[in-house]
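Notes to accompany the following structure.
Because the structure is a prediction, the values reported are computed rather than measured. In what follows, chains carry the letters A, B, and so on, assigned in the order in which the sequence lines appear, proteins first and then strands, with residues in each chain numbered from 1.
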Amino acid sequence: MADQAHAVPKDGHSGGTRREFLYLMTAAAGAYGVASVAWPFISSMNPSQDVLALSSIEVDISSIQPGEGITVKWRGKPLFIRRRTPEEIKAAESVNIAQLRDPQTDKDRVQKPEWLVLIGVCTHLGCVPQGEKSSEPRGEYGGYYCPCHGSQYDTSGRIRKGPAPLNLAVPPYTFTGDTTVKVG
Amino acid sequence: MSKHFKNPVVRWIDHRLPVFSYLDHEANEYPTPKNLNYWWNFGSLAGFMLITMIATGIFLAMQYTPHVSMAFNSVERIMRDVNFGWLLRYLHMNGASMFFIVVYIHIFRGLYFGSYKAPRELLWQLGVLILLLMMATAFMGYVLPWGQMSFWGATVITNLFSAIPLVGDKIVTLLWGGFAVDNPTLNRFFALHYLMPFVILAVVMLHIIALHRFGSNNPIGIDTKGKQDTIPFHPYYTTKDIFGLGIFLIFYAFWVFYAPNALGDPDNYIPANPLSTPEHIVPEWYFLPFYAILRSIPDKLMGVIAMGASIAILFVLPWLDRSPVRSGTFRPVFKWFFWMLVFDCAILMFVGKNPPDWFWQPFAMHVTPAEEVVAAAGVADADALWPITFAGGTLGIKILLLGQLATLYYFAYFIVVLPLLSIFETPKRLPLSISEPVLKGGGKAAVAHAHSKPMEKA
Ligand code: HEM
Ligand code: FES
């Protein structure tokens, strides 16, 4: 039997016997079966419906003083909402974006210049940068300073120095009133 | 096949299930080189630690609650209210450190005596696999008490995967089960932390099967040539292992009873706060060299690759060191580079512990923050400093630079030094057999006699 399976067919084609074809199809069907059973297991590790459902919040921003910010929790992460002073806005707008590591204008990062809304997670390895309160270190660019490996962000949350590759992320948000913002 | 045991019950069982023959074969008859020194104690110590971790872990798991709102308090309850809970936890917590100390010594033993060389390559690779599994287990265990270091350690380490191009962020979300380290993460880490030690146990068994194929290496690194070179494992090495265990337990007990928190970070007694990162995030001591390598490379992806490579390189070590001589005892040049590697790993630990932009001032025996060096040097900011300065009248080396040099040597040892030594080093003459150095020479007759006794018995 084994001899037959390995014999070169008379028509001169090498390989490609009916038996080999069946082996291949069986293996493919088996692999497909294993993959389709593995999928639900892996998928179960991804965020569940209840985690996804918690994904929008409304924040009252009326009490924030110029130059200060607040930190709230959104999707388990710190969310920064900072009320910028006119000087901070000017500093953010006057940057030549050609010099930036992750070039973006300040306009592209805010809806109202006075309000900077950011995800407070350093794009290096995920620490929370300092600088929301004016009493905290804000780094050389007056924005944020990450204590973990020294990344520094400007008043638009753009990366200026240190190991982080990207600007602080801007979440999707809308102003639902003069003093409320909805995030998510 | 099966041996004749005196006890009829044992004989009855062994006939049907030859476990006693197997144990007798592996432990009792198992011929072991007669010249093993105390560096060979650490394998059995590692086995002892694995069992200790599993035993203490199972009893801790009976009291622990894997939920973000209760985990920290459940550990505090273990410490205060559970009978002997403090003992179980301190044994487990310090046990992790003891396990790593023992395993690191075990690995350096292998590096010095060439235990990774043919025919023990797979044995060595299984060992490296055990190290990787241990690291994963310890990392996930450290997250369970849900203190500040638990949380931020988990955040930083899982974020390493985000360095992978394209799919990195998806992988991180998958690991977390959410958009940050949170309850789903804690839950799965507990499940996996419970599972992994048993996976380790299985790999340890493979490790031992591979070991018993060719037997232990030995301090002079030449193969045993016959019965005159070996003694049975039991009772000779069982006795020696138990003696070593006694000494080791004194050391272990010292930490557990006199300095139970000395090896840990006090910040982990602050409950996890996802909105505030502690000043200095430092991993447990046993991860420091790898952390130092990670930080030495300024690029995120390359840093992660370098850290992975620092372990991956151990997998291919048997093919990098081509010298046919196993034991470092007979390799006059290798020896120097080996001890420099040991020293290098100590430096990497030191680097991993300290912030990269600080300065080490070896003569002042001090590590100085960047701001102070900037002030002493009278320059505008830290960018204007050279990585080697004489600011403040004493030599200062930037921790980052020190880490880069140490990382360079670490890799050079494996990629450059060992391959070159395989070609250019002239080893010393090897003894003809394990017995030769003891048997020859009149003055050593008494010693030779003592050593030859087991041979007569065998
Ligand atoms: C390779 C073996 C193991 C290692 C290296 C290891 C390591 C660790 C570490 C480093 C911690 C954190 C200790 C602390 O700071 O409080 C920990 C906690 C814990 N481990 Fe393990 N572990 C091992 C095996 C196990 C096993 C087998 C179980 C369960 C069956 C277990 C259950 C636990 C529990 C419940 C905690 C949380 C309580 C606590 O923090 O003390 N461990 N483990
Ligand atoms: S996590 Fe912010 S600099 Fe590394």
For F175(A), look at atom CZ and say whether over 12 heavy atoms of other residues, nucleotides or ligands are found less than 6.0 Å away.
yes

Contact leader toward chain A among A163(B), G177(B), A180(B), where contacts are heavy-atom pairs under 4.5 Å
G177(B)

Please examine the side chains of P47(A) and T173(B), heavy atoms only from C-beta on, and report whether any two atoms are closer than 4.5 Å.
yes

Does Q130(A) reach the side chain of E279(B), with side-chain heavy atoms less than 4.5 Å apart?
yes

Knowing that exactly one of P129(A), C148(A), C122(A), C146(A) qualifies, which makes a side chain to side chain contact (heavy atoms under 4.5 Å, CB included) with T277(B)?
C148(A)

Within a reach of under 6.0 Å around CZ of F41(A), are more than 12 heavy atoms found that belong to other residues, nucleotides or ligands?
no

K353(B), NZ atom: more than 12 neighbouring heavy atoms under 6.0 Å
no

Answer yes or no: is there a side-chain heavy-atom contact under 4.5 Å between T155(B) and L125(A)?
no

Any chance CZ of F161(B) has more than 12 other-residue heavy atoms, nucleotides or ligands included, within less than 6.0 Å?
no

Any chance you could measure H124(A), atom NE2, to K300(B), atom NZ, to the nearest 0.5 Å?
6.5 Å

For P356(B), is it the side chain, the backbone, both or neither that has a heavy atom under 4.5 Å from a heavy atom of chain A?
neither

S276(B) and V128(A), any side-chain heavy atoms less than 4.5 Å apart
no

What part of I157(B) gets closer than 4.5 Å to chain A, counting heavy atoms only: side chain, backbone, both or neither?
neither

Nearest heavy atoms of G76(A) and D182(B), plus distance in Å:
CA-OD2, 4.1 Å

Neighbour count >12 (heavy atoms, 6.0 Å) for atom CG, D178(A)
no

Which bit of D357(B) is near chain A, if near means a heavy-atom gap under 4.5 Å: side chain, backbone, both or neither?
neither

Flag the one option from P147(A), P163(A), G126(A) with the top tally of heavy-atom pairs under 4.5 Å to chain B.
G126(A)

Begin from the C-alpha positions of L174(B) and I42(A) and carry the test side chain to side chain contact (heavy atoms under 4.5 Å, CB included) through to its verdict.
CA-CA 8 Å; L174(B) 182 78; I42(A) 296 168; 4.0 Å; yes

Can you tell which part of L79(A) gets under 4.5 Å to a heavy atom of chain B, answering side chain, backbone, both or neither?
neither

In this structure, CG of L294(B) is separated from NE2 of H149(A) (nearest 0.5 Å) by 7.0 Å

Got F179(B) and L52(A) here, is their nearest side-chain heavy-atom distance under 4.5 Å?
yes

For atom CE of M70(B), decide whether the heavy atoms of other residues, nucleotides or ligands shown that lie under 6.0 angstrom number more than 12.
yes

Select one option (side chain, backbone, both, neither) describing which atoms of I281(B) are under 4.5 Å from chain A's heavy atoms.
side chain

Verify the neighbour count for atom NZ of K133(A): are there more than 12 heavy atoms of other residues, nucleotides or ligands below 6.0 Å?
no

